[in-house]
2 protein chains.
Amino acid sequence: MSNTKASPVPKVEPCCPPLTERPLTAEEAERTAAMFKALGDPVRLRLFSLVASHDGGEACVCDISDVGVSQPTVSHHLKKLREAGLLTSERRGTWVYYRVDPSVLAALGRSLVSAET
Amino acid sequence: MSNTKASPVPKVEPCCPPLTERPLTAEEAERTAAMFKALGDPVRLRLFSLVASHDGGEACVCDISDVGVSQPTVSHHLKKLREAGLLTSERRGTWVYYRVDPSVLAALGRSLVSAET
DNA sequence: CCCTTATGTTGACACATGTCGAATCAACCG
DNA sequence: CGGTTGATTCGACATGTGTCAACATAAGGG
């Protein structure tokens, strides 16, 4: 309402401060670790990669269900990724589509590469 | 040793292919997830951040043992980080020093940020 | 030498997590 | 409607994981 102009986004910090510049606080570590944890399972990482690399950055569950586990398990992992803030889901008719949140992903990555400034 | 000359390191791929350009194979996901998993615990992430942000990129265990868990637990987590290839350790006299592997860290980060090319 | 300090290892245990089959909910189609 | 297919939820189980106390190892100092 008030700051509709080009506000410099004072201290939003979408998710993850850089790991290499100062020690993380307990709270920061808690939030950031939750995201790394979500990517720390092979099946979830494949699912995430399948969604992220799909055309338009989104994919139907039916397109990515072939990762070697049962379909309930796929759904379970997608839910975890959604709860971690890495994916969003939307139902369009019969199918449910998942897509990545690019900003969160980029911020997470930047928390790692910021070392080589 | 045949290739002692200045080989351009053909396709080493230190650890982690980009997640957003093509679906990861099961094997790639396995290896990459292992690193994310190592960073997926709050205590480990704090320990890692403490080492990474310390002067000279290395820290004595005695400097980073104050993260709210017992000392054996700290040692246990440092071992996990070492096994994941994120930290290396070296004993110099009485104290053991841990330091980060910058190349692995950067490669991991790049696997996330490569989306915004 | 023994003793103190600094780290790492072992064993045990509570708890979280990945997995599946069965049941359930949602949308489309004859 | 009833039926079919897609997707999630539920209940259960085996396995993995974080944690600590106790013990072991390493280095240095009296």
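Note on naming: letters A, B, ... go to the chains in the order of the sequence lines (proteins, then strands), and numbering restarts at 1 for each one. Because the structure is a prediction, the values reported are computed rather than measured.
Rounded to whole angstrom, the span from the CZ atom of B:R92 across to the C1' atom of C:dT7 amounts to 15 Å. For the pair A:D66 CG and D:dG6 P, the interatomic distance rounds to 13 Å; values are reported in whole Å. Between the C1' atom of C:dA26 and the OH atom of A:Y97 lies a distance of 15 Å, rounded to the nearest Å. Following rounding to the nearest Å, A:L87 (CG) and D:dA7 (P) show an atom-to-atom distance of 15 Å. If you measure from atom CD of A:Q71 to atom P of C:dC25, you get 17 Å, rounded to the nearest angstrom.
Stacking of B:R82 on the aromatic ring of B:Y98 is not recorded, the 6.0 Å distance cut-off and the 45° axial limit not both being met.
With values rounded to the nearest 0.5 angstrom, B:D101 atom CG is found 8.0 Å from B:L86 atom CG. Interatomic distance, B:Y97 OH to B:H54 NE2, rounded to the nearest 0.5 Å: 9.5 Å.
Using a distance-only test at 3.5 Å, with no hydrogens or angles considered, a donor-acceptor pair links the side chain of B:S49 to the main chain of A:L24. Remark: side-chain polar atoms of B:S65 are paired, donor with acceptor, to backbone N or O of B:V61 under 3.5 angstrom.
In this structure, B:V67 is a member of the same hydrophobic cluster as B:L39, with clusters built from ILVMFWY side-chain heavy atoms closer than 4.5 Å. Side-chain heavy atoms closer than 4.5 Å link hydrophobic residues (I, L, V, M, F, W, Y) into clusters, and following such links, possibly through other members, connects A:V104 to A:V51.
Counting any heavy atom pair closer than 4.0 Å across all strands shown, A:Y98 reaches sugar-phosphate atoms only and no base atom.
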Assess the residue pair B:R46 and A:E30 against the criterion (side-chain contact (heavy atoms from CB on, under 4.5 Å)); give the C-alpha distance rounded to whole Å, side-chain angles, the decisive distance to 0.1 Å, and a yes or no.
CA-CA 9 Å; B:R46 281 186 80 186; A:E30 201 83 34; over 6 Å; no

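Non-hydrogen atoms lying under 4.0 Å from DNA chain C are contributed by A:K37, A:D41, A:V43, A:R44, all within residues 37-46 of chain A. Within residues 76-83 of chain B, the residues that have a heavy atom under 4.0 Å from DNA chain C are, in order of number, B:K79.
OP1 or OP2 of C:dT7 sits under 4.0 Å from a side-chain N or O of B:W95. Phosphate proximity of C:dA27 to A:T94: absent, as no side-chain N or O sits under 4.0 Å from OP1 or OP2. Between D:dG18 and B:T73, no contact under 4.0 Å exists linking OP1 or OP2 to a side-chain N or O.
B:R92 and B:E58 are joined by a salt bridge, as a carboxylate oxygen and a charged side-chain nitrogen come within less than 4.0 angstrom of each other.
Nearest-nucleotide mapping onto DNA chain C: of B:V61 and A:R91, the residue sitting toward the 5' end is B:V61.
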